[in-house]
Amino acid sequence: MKAKRWIATVVIAFFIMLAAVLHRAGNASEVMEAGRYIALTFDDGPSSLTTPELLDGLKERGARATFFVLGMEAEKEPELLRRIQAEGHQVAQHTYSHVKLNEISDAALTEELTKTNEILLDILGEGDYWLRPPYGLIREAQCALVNVPLITWSVDSEDWKLREKEAVSRRVLEEAKSGDIILMHDIHPTTVHAALTIVDELQAQGYTFLTVQELMCIYGVDAGAGELYRAPLLPGQW
Ligand code: NI
């Protein structure tokens with residue numbers, strides 16, 4: 001009996017260890033092989049003229065995205081902001097007044113970010129509101145002043161310049177691959193239509209649309225405060 005119990009204990013211990021090893025092996029590379037993941041990001045909003053149609057389309061398609069909102073727009077649209085969050089998207093910030101952070105003082109930077117963070121806290125409650133510096137511009141030393149992860153992008157849709165649905169969607173579809181963070185602006189009607197075309201095309205290719213936070217997580221990247229990321233597997237740019 002004792003020997004049997006001992007063998008049973010050893011067998012159980014072996015399976016527990018095996019489970020632990022397999023769990024650890026189930027890391028980012030395996031997750032990545034299992035699927036294709038991408039993050040759409042929308043800057044400069046929210047806008048009552050264009051963002052609701054985008055939200056309708058994303059909801060219909062089961063796609064999540066990230067909205068880097070301006071403080072000065074967010075404070076005008078509390079309901080819309082709450083809707084973005086309620087529908088599973090990530091709300092993040094893009095400064096209060098779309099200023100070039102690399103051209104302002106540390107005190108001015110802190111004020112831009114704090115003011116926006118307070119607006120988001122007021123409307124949405126507690127949360128970590130990540131930052132995308134306008135134009136992707138920030139000095140390396142300034143990152144230490146930022147207490148959330150900083151996110152730029154790996155694919156630029158150039159939607160603000162192209163302003164044409166087909167041209168924007170074609171440009172993104174030609175470049176997009178798993179792990180990319182796509183830069184767009186939900187203040188242009190053409191962008192809304194292009195974004196939904198991109199979702200349709202890439203979902204047909206097996207892509208899942210995640211928030212930036214989810215994308216980082218699935219790639220096993222523990223996004224750190226004050227660290228700048230272009231995409232989960234790309235280092236920051238200066
Ligand atoms: Ni912007």
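Numbers here are sequence positions counted from 1. For clarity, every value in this text was computed on a predicted model and none was experimentally measured. Remember, it's 1-based here, ligands and their atoms both numbered in the order they're listed.
- Arg171 and Glu175 are joined by a salt bridge, as a carboxylate oxygen and a charged side-chain nitrogen come within less than 4.0 angstrom of each other.
- Distances from the Ni ion (ligand 1) show that His185 has no N/O/S atom below 2.8 Å.
- Not a single N, O or S atom of Asp43, from either the backbone or the side chain, sits less than 2.8 Å from the Ni ion (ligand 1).
- The neighbour count for Glu111 CD, taken as heavy atoms of other residues, nucleotides or ligands under 6.0 Å away, does not exceed 12.
- Residue-level check: among N/O/S atoms of Asp44, OD1 sits closest to the Ni ion (ligand 1).
- In summary, the aromatic rings of His89 and Phe42 are positioned with their centroids too far apart to meet the 6.0 Å limit.
- The CG atom of Asp44 sits 4.5 Å away from atom CD1 of Ile187, with the distance rounded to the nearest 0.5 Å.
- Centred on the Ni ion (ligand 1), the NE2 atom of His98 and the NE2 atom of His94 lie at an angle of 100°, reported to 10°.
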